[in-house]
Amino acid sequence: MVTLLHLLRDGDFQGAIIFVLSGCFVVFVCSPIHELSHGWVAYKLGDNTAKNQGRLTFNPIAHIDLIGMIMILVFGFGYAKPVPVNMRNFKNPKSGMALTALAGPLSNLILAFLSVFIYYAIPSYNEGILSYIAMFFWYSAVINVSLAGFNLLPIPPLDGSKILAGILPNKAYYKYMQYERYAMIALLVLLFTGIIDKYLDIVINALMFVISIIPALIFG
């Protein structure tokens, strides 16, 4: 898994600069799309909460979380300010919440695919300035895939836990949510021990392979 720390440790300062620039692109463009996707799907399913609070916007100021932004720039994954959702406004609260939660990671995968497509479309990307542009879009794809993989973890308050709510029977989910406070501790342990890096490595490699198939076939 590529991170700013790894690039700096390896002495790849040009790569580190491009990684930070890609991270800024994700923070100010992709993360707002992620949160907007949550709010838009919720709105379409009958919940006006995000709309009423001005969160159906591409304006990054409305979505940025300082710690989450720093995590994205340094580690390649993190979070933005969660969009408020009231599942009681959905006709079917469980499925509505699951679809709303899924919209965010799905937007990251779409953005990752577009970045990979541009990467492959750049001619002779191993030469000159084109190589840096290509690297920018490759890192953009990797960070978006990392965000999707991270948010799909079934640990509150991540999107994966809300998707899980739409799959599990009510009794099983309520039992699971009794341990929500411990789930947060588990998430912090995964983050600080680096265990989550191994998970993200597997997810990133698998998803990058999948989303690269079509661009690779088109552009060779």
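All figures in this text were calculated on a predicted structure; none of them were measured in a lab.
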So, the side chain of [X] versus the backbone of [Y]: is there a donor-acceptor pair under 3.5 Å, distance only?
| X | Y | result |
| --- | --- | --- |
| D10 | D12 | no |
| K81 | I61 | no |
| S140 | F136 | no |
| D47 | N86 | yes |
| S146 | V142 | yes |
| S107 | G104 | yes |
| K162 | L99 | no |

Calculate, to the nearest 0.5 Å, the distance between atoms [atom1] and [atom2] belonging to [X] and [Y] respectively.
| X | Y | atom1 | atom2 | value |
| --- | --- | --- | --- | --- |
| S95 | L102 | OG | CG | 12.0 Å |
| N59 | I64 | CG | CD1 | 8.5 Å |
| I129 | I133 | CD1 | CD1 | 5.0 Å |
| C30 | I110 | SG | CD1 | 11.5 Å |
| L8 | T3 | CG | OG1 | 8.5 Å |
| L5 | F75 | CG | CZ | 5.5 Å |

- So, for F219 and Y120, is the gap between ring centers shorter than 6.0 Å? no
When clusters are formed by joining ILVMFWY residues with side-chain heavy atoms under 4.5 Å apart, either directly or through shared neighbours, do [X] and [Y] land in the same one?
| X | Y | value |
| --- | --- | --- |
| L111 | L73 | yes |
| L158 | I202 | no |
| I118 | V210 | no |
| F209 | Y199 | no |
| I67 | L153 | yes |

[X] and [Y]: which non-hydrogen atoms are nearest, and at how many Å?
| X | Y | value |
| --- | --- | --- |
| A62 | T57 | CB-CG2, 3.8 Å |
| D65 | A80 | CB-C, 3.9 Å |
| A112 | V145 | CB-CG2, 3.6 Å |
| G78 | L147 | N-CD2, 3.2 Å |
| A165 | K94 | O-CE, 2.8 Å |
| S212 | V116 | OG-CG1, 3.6 Å |

- Task: Not counting sequence neighbours, list each pair that qualifies as a ring-ring contact (aromatic ring centres under 6.0 Å, His included) and has a residue in residues 40-67.
- Result: none
- Item | The single option from N144, V26, I143, I33 passing side-chain contact (heavy atoms from CB on, under 4.5 Å) against N108 | N144
- Within a strict 4.5 Å, meaning less than it, do heavy atoms of the L66 and M69 side chains meet? yes
- Could you tell me whether the side chain of L207 reaches within less than 4.5 Å of the side chain of L109, counting heavy atoms only? yes
- Hey, what's the ring geometry for F113 with F117, parallel, tilted or perpendicular (30° and 60° as the breaks)? tilted
- Please state whether the rings of Y139 and F19 are parallel, tilted or perpendicular, taking 30° and 60° as the class boundaries. perpendicular
- Carefully, step by step, assess F77 and D197 under the rule side-chain contact (heavy atoms from CB on, under 4.5 Å). CA-CA 10 Å; F77 64 89; D197 291 347; 4.2 Å; yes
- Evaluate side-chain contact (heavy atoms from CB on, under 4.5 Å) for T49 paired with V85, printing each intermediate quantity in order. CA-CA 6 Å; T49 306; V85 176; 6.0 Å; no
- Message: Looking only at side-chain N and O atoms, does H38 offer a donor or acceptor that is under 3.5 Å from a partner on D159?
- Response: yes
- Taking atom CD of Q53 as the centre, does the number of heavy atoms from other residues, nucleotides or ligands within less than 6.0 Å exceed 12? yes
- Message: Looking at I214, I want to see if its CD1 is surrounded by more than 12 non-hydrogen atoms of other residues, nucleotides or ligands under 6.0 Å.
- Response: no
